[in-house]
Enquirer: 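There's a structure below that I have some questions on.
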Amino acid sequence: MQRRKFLKNSTIGTAGLISTPLMASCQDQKKAKSAATGASEPIRPLAICTWDFHNASAEAWAVLKDGGSSLDAVERGVRVEEADVDNQTVGIGGRPDRDGKVTLDACIMDKDGNCGAVLCMQNIAHPISVARKVMEETPHVMLAGKGAEQFAYEKGFGKVDLLTEKSKQEWIEWKKTSQYEPIINIENHDTIGMLAIDRNGDISGACTTSGMGYKMAGRVGDSPIIGAGLFVDNEVGGATATGVGEEVVRTVGSFLIVELMRQGKSPQEACEEGVKRIIAKNKEKQDFQIGFIAVNKKGETGGYCIHPGFTFRTYTEQGHVNNLSDSYIKP
Ligand code: SD4
C-alpha cells in the first residue's frame with residue numbers, strides 16, 4: 001500500500017524509496033556484484049521478484065539460505081502476496097472481474113522444464129500451490145475455471161471467499177462509470193513474478209495474479225501462460241512479467257527473453273529487447289505498463305519496463321535490494 005501511494009504521489013527517484021533497506025540502480029548493483037564476487041563466479045543462491053515485495057523475497061530467501069530448492073523458494077515466496085489481503089492484484093483481496101468475481105491465475109516452472117498452471121480459478125486462496133499440484137500430480141500443464149477449483153478441493157484446499165469488503169466497495173464504486181482503463185503502475189500492475197536460483201544452481205519460477213481489475217468474465221492474461229508471463233530454462237535462465245498481459249502474450253515475452261539470453265544477451269539486454277518488441281507492435285499506443293525481470297545461470301539479473309516506476313527486488317548474500325528499473329520512456 002505504501003508503495004502504491006508513493007508511486008502515485010511522487011516522481012520516481014532513489015530518494016523516495018527509503019522504506020526499503022537498500023536501493024540501487026541496476027548499474028550500481030552490477031558493479032557491486034562484480035567487485036564482490038569476481039565476474040566469473042556464479043551468484044547463488046538468489047531470489048528476484050517483480051515490484052517491492054520485500055516480505056515475499058525475504059520468505060524465498062529464508063528457504064534458499066538454508067539450502068532449500070528454488071522450487072520451494074518461489075512457491076513459498078509468492079504465497080506471501082497471495083495471502084496479503086492488502087495486495088489487490090494477487091490472491092485473496094484481489095480486484096474482481098466486472099461481475100464481482102475474483103478469478104485467479106498462476107503458474108510455476110521447475111529446473112527440469114516441468115510446469116503447471118491454473119487459470120481463472122475462483123474460491124481458492126493459493127493458486128500457486130494448486131499450479132504446483134497440477135505440475136506434480138497430473139499429466140497436464142493447465143487446469144482452468146471449475147475444473148481447477150474442483151481439483152483444488154480434491155487436493156485438500158479449502159473454499160475461501162476471495163472478495164474482501166474493500167475490493168467489493170471499490171468494485172461497486174467502479175460500476176458507476178464502468179470505465180476500464182489500466183492505470184500505469186497503480187491499479188493493475190502488482191502481479192508477483194519470482195525467479196530463484198538455489199545453492200545447486202537450479203532455477204525455478206512462479207507467477208501469480210488476480211489479473212486486470214474489472215476484466216471481462218473469463219479473461220486470462222499472461223501470468224499463467226508458460227512462455228508469456230513466466231519461462232525458465234535451467235541451462236540458460238528465467239524471466240517473468242508484470243503489466244498488461246495481452247501485450248506479453250502477443251510477443252511470448254518471457255520465452256523470448258530466455259531465448260535472447262541463450263543467444264548471448266545479458267538479462268538486462270534481453271529485458272530491454274523484450275520491451276522493444278512490444279513497443280514495435282504498439283507504435284500508436286504506449287499508455288500501458290509492462291515490466292520484465294530476468295536472471296541468467298550466472299546469477300546476473302536485469303529488469304526493464306515501458307514507463308518509469310517499475311521496481312524489482314533481489315535477494316542475495318550481498319543483501320536485499322530494491323532496484324529501480326530503467327524504462328523505455330524516460331522519466
Ligand atoms: C495480467 N499481467 O493479468 C497481469 C496483470 C498484472 O499486476 O501484471 N497485474 O495481465
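Whatever order the structure lists ligands and atoms in, that order sets their numbers, starting from 1. The analysis underlying the following values was restricted to heavy atoms, covering all of them including side chains, and did not include hydrogens, waters or symmetry mates.
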Enquirer: If you count heavy atoms of other groups shown closer than 6.0 angstrom to NZ of Lys168, is the number above 12?
Expert: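 No, not enclosed.
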
Enquirer: Between Thr89, Ile290, Asp190, which one has a non-hydrogen atom sitting closest to atom 7 (O) of ligand 1?
Expert: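 Of the listed residues, Asp190 has the closest heavy atom.
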
Enquirer: Using a strict cut-off of 4.0 Å, indicate which atoms of ligand 1 neighbour a heavy atom of Ser223.
Expert: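 Contacts of ligand 1 toward Ser223, numbered from 1: 2 (N), 4 (C).
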
Enquirer: What atoms of ligand 1 come closer than 4.0 angstrom to any heavy atom of Thr191?
Expert: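 Here the atoms of ligand 1 in question are 4 (C), 5 (C), 6 (C), 7 (O), 8 (O), 9 (N).
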
Enquirer: State whether the number of non-hydrogen atoms from other residues, nucleotides or ligands found under 6.0 Å of Glu235 atom CD is greater than 12.
Expert: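 No, the 6.0 Å shell around CD holds no more than 12 heavy atoms from other groups.
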
Enquirer: Restricting to pairs with a member in residues 224-266, which pass ring-ring contact (aromatic ring centres under 6.0 Å, His included), not counting sequence neighbours?
Expert: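 Qualifying pairs, neighbours excluded: Phe231-Phe255.
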
Enquirer: Do any N/O atoms on Asp222 end up under 3.5 angstrom from N/O atoms on ligand 1?
Expert: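 Checking ligand 1 against Asp222, an N or O pair does fall under 3.5 Å apart.
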
Enquirer: Just by distance, with hydrogens left out, do Thr208 and Glu82 show a side-chain donor and acceptor under 3.5 Å apart?
Expert: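 Thr208 vs Glu82: donor-acceptor pair found between side chains.
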
Enquirer: Test of understanding: given a 4.0 Å heavy-atom threshold, classify the contact between Gln88 and ligand 1 as side chain, backbone, both, or neither.
Expert: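 None of Gln88 does.
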
Enquirer: Between Thr89 and Asn87, is a side chain to side chain donor-acceptor pair (under 3.5 Å) present by the stated rule, with each step listed?
Expert: CA-CA 6 Å; Thr89 49; Asn87 182 337; 3.0 Å; yes

Enquirer: Pick whichever of Cys207, Gly211, Gly243, Gly245 has a heavy atom sitting closest to atom 4 (C) of ligand 1.
Expert: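 Minimum heavy-atom distance to atom 4 (C) of ligand 1 goes to Gly243.
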
Enquirer: Under a 4.0 angstrom heavy-atom cut-off, which atoms of ligand 1 come close to Thr242?
Expert: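 That gives atoms 7 (O), 8 (O) of ligand 1.
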
Enquirer: So is Arg219 close enough to ligand 1, meaning a heavy atom under 4.0 angstrom away?
Expert: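 Judged by the 4.0 Å heavy-atom criterion, Arg219 does count as contacting ligand 1.
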
Enquirer: Checking Glu269 now: which residues fulfil salt bridge (Lys or Arg N to Asp or Glu O under 4.0 Å) with it, not counting sequence neighbours?
Expert: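 If we apply the salt bridge (Lys or Arg N to Asp or Glu O under 4.0 Å) test to Glu269, skipping adjacent residues, there are no hits.
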
